[in-house]
Number of protein chains: 2
Amino acid sequence: MPAPSPREQMILAAMSLFQREGYAAASWRRIVQESGAPWGSAHHYFPKGKEQLGLAALEMASQTVAASMARCFPEGGVAADGVRQLFEGGAKLLTKSGFTAGCPICTVALETAPQSPTLTETCNSAFQLWRQTIADGLVRCGMSAPYAAKLAVLALAAFEGALVQARTAQSQEPMLDCATMLEQLCREPKSGA
Amino acid sequence: MPAPSPREQMILAAMSLFQREGYAAASWRRIVQESGAPWGSAHHYFPKGKEQLGLAALEMASQTVAASMARCFPEGGVAADGVRQLFEGGAKLLTKSGFTAGCPICTVALETAPQSPTLTETCNSAFQLWRQTIADGLVRCGMSAPYAAKLAVLALAAFEGALVQARTAQSQEPMLDCATMLEQLCREPKSGA
DNA sequence: TAATAACTAGGACGATCGTCATAGTCCACC
DNA sequence: GGTGGACTATGACGATCGTCCTAGTTATTA
């Protein structure tokens with residue numbers, strides 16, 4: 001890596017703190033401190049203050065996660081495998097962090113929605129992007145678009161929810177259990193009306 | 001209601017603030033103020049401070065939610081109907097609050113797990129209780145115990161995750177979509193290994 | 001009725017919050 | 001080799017944080 005700029009350092013640090021403790025606990029001072037970025041430049045790069053930095057962090061998280069999600073569903077793959085990979089990937093990251101790092105968007109959304117319109121809108125866009133990313137992936141695996149759209153909502157909800165359970169229980173099990181159940185819905189795309 | 005005691009008032013207010021803005025934003029002062037309880041008595045009822053009050057609020061939330069969950073699955077009912085009722089109930093409460101009130105446990109868990117051992121443990125117990133409550137309900141509807149246990153994990157995860165999506169999007173749709181998909185898993189308790 | 005406990009009022013304490021202003025340093029470019 | 005703009009250092013500002021203390025009020029006993 002070519003030594004990230006102070007601006008990037010701060011965004012990364014904010015994202016990390018959002019994951020671990022949420023928006024309110026991620027104070028301006030702690031973000032700057034943990035980032036290692038120079039103290040004086042914080043207000044220079046984000047003259048509108050904490051919310052501006054928060055927005056940037058959420059947007060970066062949104063893109064990063066979407067990219068990893070897309071990678072789970074290669075062209076011509078199997079839908080169920082993609083879902084499993086998605087959940088296993090999440091479980092792995094969670095474990096690697098010692099069960100401290102969850103989803104930054106989810107945490108911030110719960111703290112601020114719908115109180116802060118800008119933050120809420122950014123979180124909403126992230127969820128929308130992720131739903132679409134999963135749905136597109138499922139379609140790439142041969143699933144019909146309408147069914148994929150519905151399943152993507154459930155998959156994302158289960159992903160976020162399982163992440164919370166897994167983190168709280170400090171165990172991967174909820175993630176893997178959910179994956180198993182969801183695989184079933186991938187293999188039987190049609191039945192009821 | 002026979003006029004709740006100051007202690008109950010404070011617990012209720014803390015629960016409400018946890019739902020709306022999380023643990024960090026729910027300051028000792030705001031809790032006491034919103035509760036309408038007398039200022040001076042806060043430290044008298046909870047001499048160990050904010051964490052003690054937080055614990056009490058989480059425990060009350062745990063019990064309250066578990067009771068509503070159990071009511072969704074009456075003896076001899078249909079599993080799919082129970083799941084739908086669960087999600088519709090959640091969606092209704094969320095809407096009634098103007099999409100401001102989510103799950104207090106989930107919010108606090110994301111902010112504090114696993115940093116604060118006591119809070120994390122309480123959140124974990126709540127999730128465990130809820131999983132068990134849903135699983136018991138599904139068994140009451142005739143489902144096999146092992147399958148019900150697995151489905152309960154997914155149902156709870158989807159419930160929490162859909163709640164976040166719905167709140168952020170300010171729409172019931174994610175909740176109802178998830179319910180529809182989950183109903184499918186209720187009707188086909190067996191297929192794969 | 002007296003005394004003993006339970007509860008309430010109100011504020012002081014140091015720490016930390018987000019914001020902002022001012023001065024100083026660095027470096028690219030003419 | 002200056003000169004101007006980008007960046008950094010440092011700390012003051014008022015507000016709010018969680019905690020804790022002392023004095024006052026109310027209720028419950030003997």
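The structure displayed is predicted, hence computed values, not measured ones. Residue numbering restarts at 1 for every chain, and letters A, B, ... go by the order of the sequence lines.
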The side chain of [X] lies closest to which of these nucleotides: [options]?
X       : options               : result
A:Trp28 : C:dT8, D:dT8, C:dG18  : C:dG18
A:Lys50 : C:dG18, D:dG18, D:dT8 : C:dG18
B:Tyr45 : C:dC7, D:dC20, D:dT8  : C:dC7

Rounded interatomic separation in angstrom, taking [atom1] from [X] and [atom2] from [N]:
X       : N      : atom1 : atom2 : result
A:Leu17 : C:dC17 : CG    : P     : 11 Å
B:His43 : C:dA6  : NE2   : C1'   : 16 Å
A:Gln33 : D:dT10 : CD    : P     : 13 Å
A:Trp39 : C:dA21 : CH2   : P     : 18 Å
B:Phe46 : D:dC20 : CZ    : C1'   : 17 Å

* Using only side-chain N and O atoms of B:Ser41, determine if any of them is under 4.0 Å from OP1 or OP2 of C:dC7. =>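 Answer is no, no contact under 4.0 Å.
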* Between B:Asp81 and B:Gln85: side-chain donor-acceptor atoms closer than 3.5 Å ->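 There is no such pair (donor and acceptor under 3.5 Å, judged by atom type) between the side chains of B:Asp81 and B:Gln85.
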* Side-chain donor-acceptor contact under 3.5 Å, A:Glu34 with A:Ser16 ->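 The answer is no; no qualifying pair exists.
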* Would you give the length of the straight line joining atom CG of B:Leu53 to atom OH of B:Tyr45, rounded to the nearest 0.5 angstrom? =>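 Reported value, rounded in 0.5 Å steps: 13.0 Å.
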* Working to the nearest 0.5 Å, report the span between OG1 of A:Thr107 and CD of A:Glu21. =>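 Between A:Thr107 OG1 and A:Glu21 CD, I get 10.5 Å after rounding to 0.5 Å.
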* First of A:Arg29 and A:His44 reached from the 5' end of DNA chain D, by closest nucleotide ->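 Its nearest nucleotide lies further toward 5', so the answer is A:His44.
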* **5'-most by nearest nucleotide on DNA chain C - A:Glu51 or B:Ala37** =>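 Final value for this comparison: B:Ala37.
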